[in-house]
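The structure under discussion appears below in the form of structure tokens.
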Amino acid sequence: MEPAPEPTSTLPTRRSESSWEVVESFFDAYTYGLQTGDSSRLKALSSATCASCANFIEDIEALGAREVVGTGGAFSFPQSIGHQSKYAERFVWEVHYRQAPIIYTLSHPDEKTSAPAASHVLFVELTETADGWVVSGVAREVNDES
């Protein structure tokens, strides 16, 4: 198994590390939500204005309402590059990720469906608040206003 690469960033080390920790926690919270139908961890890491976050939360809650249980779906990050925003309180991580396959068990234990492994690049915008970093946007392309 190859070692996980270190994320690279233009932010000072402490800010870079703390913002990256939130990105990792966000993906972990998303995985947890897919596995359990519980969106509370993802909500705690998301800003109220993050439309993509709201969509992820809604999807997780729909799974929970249908009592769907997931297995797998963990993320790994072959490459992650931090980019300073034109706004001092924001930072964008270019996250190259791999997601393991996930198997969903539906209400009836014999009913299963799955999602295959996936690899993509997402841009995760974080905003630094008095309480720390929160995810304020997730997109497949960089928004010129960031």
(message) Would the distance check show the side chain of Gln84 and the main-chain N or O of Arg90 forming a donor-acceptor pair, the cut-off being under 3.5 Å?
(response) yes
(request) Treat each ILVMFWY residue as a node, draw an edge where side-chain heavy atoms are under 4.5 Å apart, and state whether Leu126 and Phe75 are in one component. (result) yes
(request) Return the orientation label for the Trp20 and Phe77 ring planes: parallel under 30°, perpendicular over 60°, tilted otherwise. (result) perpendicular
(request) Give the ring-plane orientation class for Tyr97 versus His120, where under 30° counts as parallel, over 60° as perpendicular and anything between as tilted. (result) tilted
(message) Please determine whether residues Val68 and Ile102 belong to a single hydrophobic cluster, defined as Ile, Leu, Val, Met, Phe, Trp and Tyr linked transitively by side-chain heavy-atom distances below 4.5 Å.
(response) yes
(request) Look only at the side chain of Ser52 and the backbone of Val138, and say whether a donor-acceptor pair between them is shorter than 3.5 Å. (result) yes
(request) Give every residue pair that meets the salt bridge (charged side-chain N to carboxylate O under 4.0 Å, His left out) criterion with at least one member in residues 38-54, sequence neighbours excluded. (result) Lys43-Glu61
(request) Find out whether Val22 and Val134 are in side-chain contact, i.e. whether some heavy atom of one side chain is under 4.5 Å from a heavy atom of the other. (result) no
(request) Output yes when a side-chain donor or acceptor of Ser39 lies under 3.5 Å from a complementary backbone atom of Leu42, and no otherwise. (result) no
(request) Could you grab the distance from atom CD of Glu128 to atom OG of Ser18, nearest 0.5 Å is fine? (result) 6.5 Å
(request) With rounding to the nearest 0.5 Å, note down the distance linking OG in Ser136 to CD in Glu125. (result) 3.5 Å
(message) Is it the case that the ring center of Phe26 lies less than 6.0 angstrom away from the ring center of Trp133?
(response) no
(message) I'd like to know if the side chain of Trp93 pairs up with that of Ser19 as donor and acceptor (distance under 3.5 Å, no hydrogens or angles considered).
(response) yes
(request) Report yes or no: do Phe56 and Val69 belong to one cluster of Ile/Leu/Val/Met/Phe/Trp/Tyr joined by side chain heavy-atom distances under 4.5 Å? (result) no
